[in-house]
Amino acid sequence: MKALDWLDERTGYRELVRVALDEPVPGGARWAYVLGSALTLSFVTQAVTGILLMTAYQPSATTAWSSVMYISTQMSWGWLVRGLHHYGAQAMVILLAMHLGQTAIYGAYKKPREMNWLLGLGLMGLTLGFALTGYLLPWDQKGYWATKVATNIAGTIPAVGPFTQRMLVGGSEYGHLTLTRFYTLHVGVLPAALVLLLAAHVALFRKHGVTPSEQADVKHVERFYPRQLGKDLFVGLVILVAIFVLTLRSHGAHLDAPADPASDYPARPEWYFVSLFEALKHVPGRLEWLVAAGLPVVAGGYLVALPFLDKKPSRALRGRLLLLAPLVAMLLGAVVLTVMSFQSDARDESFLKARQLAETRAARALELARAGVPPAGPLAMMASDPETRGPELFDRHCAACHRLGKEHGPADGKDSAPDLAGFGSEAWVLAVIDDPDAPRLFGKTPFKGMMPSFTRAPKDPAEAEYFTKMKDADQKAVAAFLTAQARGESGAGSPGEKIVKRACTTCHRLDGKTDDEESLAPELRGWASPAWIRAQIENPGSGKTYPKGALDKKLEGHMPAFGEQLSAQEMDLLTRWLAAKVGKVPW
Amino acid sequence: MAASDPPPQEEPNESPVRDEGADDAPPPRAHASGAAPRDNGRRKALGALVVVGSSAYGAALAVPALGYLRVPAGGAGGERWIRVARFEALPEATPTRAPVIGDERDAFTVSRGQMLGSVWLTRRGGAVTALSAECPHLGCAVDVGGDGKSFGCPCHTSRFSLEGKPESGPSPRAMDALGARVVEGWVEVDFRRYRQGVADKVTIG
């Protein structure tokens, strides 16, 4: 005790502790008084988890997503810390709304506590600022697009808008500087401001004391310690347990695919801003700022004015219903708009489809990132992934004519090129031998009628006389030879090769040799192999697949050469994806 | 130690300066008699100096801070023609999306061959028109609706005709038309971005 006496003599800490703990609580400890302390404790959770996150997070467009991915998936307990921070933020928003609502209902903003009400509103603004800035930091799709929309709204405010937007974004494009600025706000400016305002808020609260509950017997005064402090801590603990449970159940916070400025993404804000988002859909764009910035300003103005409008000393709810009506209306409006928004999204098929695509990309990004993200960033990683780029390129360049499974292809009946399902497989080869002019094969292409069926007699009786059906065994042998080609095997000397040389090279090429140089039939050596597919994409008239004549203008609707439209890397990615994909979708 | 220390309760009296700050506090006793008016003038002048001095101190920090943080509005920006598609690959009268690929400068890094965005190209006979795929409302990417008869934005449900005219939803203006031309069989687009959410088409960046 000697050492503590020494300390007390020089600091007077015992008096400080006494003042802190002996705060009089008129009417005694109540559960109703816990919300302010619960909020403060939640902020402590946010500060601790936030500082932990800072030890691993790197704010830049090329590293932010990767570092958050690393925290969430690789670091020991990283998912837990990030999850607590994520759900803790939601808890703060909910507690804030409750604290504000209770203060309003109790009339605790009345004289002499007007200033403390205003400080509380300031703290609310800061908390929402934390939410808005924090949402961007993972630099994933949802954070990027929500922030783009939010800052664009800021940019529409007359006079100050464009300047504010540039200042926040750090330029006209979203990138490194946007992140460093939001990060600075989130971990530097906002915390400092919040601590200052919170200190003033608590000091003023201490000065004026708690606003006693209606039922409280004010003559009975209790001290803050131990009963009220106990209640506060208990509630704080319950909230902490709740955010632990939420974190454990979802194994931490979700991370969307890396921010991609050139992608399609159905941007949605965090749930507590959804009501504003929904409101935006229903106003013409030029009045946007009125809703997005004006509505909060009007709502804020009303809250600021409340203690000055409601000057009667009575705190009875009955006399104040009219003044509190806007608050109730705001709350109800927010609930209705939020429900409307979630309902309309749940019914919107294109939204659900886009969401599905976003989830697929997010899962793929995390899968790729397990092997490490290149220094060029996660977008570069995604851009060199056949699984990601392949279907995109196919949909953009191939799917207007070719079909491949249920997901890729033109509208029903609009096919104008062979179905690629099972391309290179036995079934595909047998189908061509049987009926090359079937609508699913070459029936809708300019090549229709160039290859005869080897199993059906021609309609012309004169030709039919000379027709002999190809034997099943021979068909199988040809198919075996051609599927070997697709796999990249030579099949030299196989029975299939012999039949091909006898029956097919009258028109087709094999190693460039054919009986009919005028024929447009394609090369069969290496047919459907990755190299063949690659050559076909680059230039279908190079001779490596089809001869030059296949690009003749008279053959309207022939496959174009993509060598000029696609980069070498894109053709490689498309080929790799396509060669693997055709084997997975049976004919 | 304790014995040599002066009694603590005397300390406040030793620093009369403390009281001087408070306006309503009576002047400290030591200065109460005598030349009060002259002293008051002096105090006021000193007070004004303090205000000016601290304001100057604040401004000396705030001005560089603002100068450092502000981002000057970029000029209208020069033309930037980028090849986006082969003209002959475009179907007649059907909007086709083409990626815009170029070098992207982000503060201190530059990425070669980045996807900068995309444009919607429509061929009509020998001519081609280009519309920016960025929604003029708040910047989400606009796509062709399932029926192929209009453009739609996935964020706030703005809809546009295939010519880019607003049909419904909150968009304040039509989709932004970009300069487009055909050079040596290639479609080239003057790729630029416009301020969003306003009725006028204002170039940014």
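Just so we're on the same page: letters track the sequence lines, and every chain starts at 1. These numbers come from a predicted model, not from an experiment.
- A:Asp256 and A:Tyr265 share a donor-acceptor pair across their side chains, judged by distance under 3.5 Å alone.
- Looking at A:Thr63, its side chain does come within 3.5 Å of a backbone N or O of A:Gln58 through a donor-acceptor pair.
- The residues B:Arg83 and A:Glu564 are annotated as not salt-bridged, no charged nitrogen and carboxylate oxygen being separated by less than 4.0 angstrom.
- In this structure, a donor-acceptor pair under 3.5 Å is present between the side chains of B:Arg159 and B:Ser150.
- Residues of residues 341-357 of chain A lying under 4.5 angstrom from chain B, judged on non-hydrogen atoms, do not exist.
- When A:Met167, A:Lys148, A:His176 are compared by the number of non-hydrogen pairs under 4.5 Å with chain B, A:His176 comes out ahead.
- Contacts with chain A were tallied for B:Glu88, B:Arg70, B:Glu104, B:Arg97; B:Arg97 has the most, counting heavy-atom pairs under 4.5 Å.
- The candidate from B:Asp143, B:Thr96, B:Thr109, B:Thr94 with the greatest count of non-hydrogen atom pairs under 4.5 Å with chain A is B:Thr109.
- For the pair B:Arg123 and B:Phe87, the cation-pi criterion (under 6.0 Å, within 45° of the ring axis) is fulfilled.
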Please lay out, stage by stage, how B:Cys155 and B:Cys140 fare under the test disulfide (SG to SG under 2.5 Å).
CA-CA 7 Å; B:Cys155 289; B:Cys140 296; 2.1 Å; yes

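- Summarising the local packing, CZ of B:Phe108 is surrounded by more than 12 heavy atoms from other residues, nucleotides or ligands at distances under 6.0 Å.
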Let's go through A:Asp8 and A:Arg14 carefully: what are the C-alpha distance in whole Å and the side-chain angles of both, what is the deciding distance for salt bridge (charged side-chain N to carboxylate O under 4.0 Å, His left out) to 0.1 Å, and is it a yes or a no?
CA-CA 6 Å; A:Asp8 184 47; A:Arg14 282 186 183 133; 3.7 Å; yes

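- Residue A:Ser60 does not touch chain B at all, counting heavy-atom pairs closer than 4.5 Å.
- The residue among A:Lys281, A:Arg396, A:Arg268, A:His282 with the most heavy atom pairs within less than 4.5 Å of chain B is A:Lys281.
- Here CG of A:Leu132 is found 10.0 Å from OG1 of A:Thr151. Values are rounded to the nearest 0.5 Å.
- Aromatic rings from B:His156 and A:Phe277 are positioned such that their centres are separated by under 6.0 Å.
- Contacts of B:Arg195 with chain A are made by side-chain atoms alone, with heavy-atom separations under 4.5 Å and no backbone atom involved.
- For A:Glu570, the part lying under 4.5 angstrom from a heavy atom of chain B is the side chain only.
- B:Asp200 places no side-chain N or O within donor-acceptor distance of the main-chain N or O of B:Val202, the cut-off being under 3.5 Å.
- The candidate with the highest count of non-hydrogen atom pairs below 4.5 Å against chain A, out of B:Ala141, B:Cys153, B:Ser168, B:Ser111, is B:Ala141.
- When the candidates A:Arg181, A:Gln569, A:Gln165, A:His397 are compared by the number of heavy-atom contacts under 4.5 Å with chain B, A:Arg181 comes out ahead.
- Interface remark: B:Gln114 contributes side-chain atoms only to the contact with chain A (heavy atom separation under 4.5 Å).
- With respect to chain B, the highest number of heavy-atom pairs below 4.5 Å among A:Leu280, A:Asn152, A:Val169 belongs to A:Asn152.
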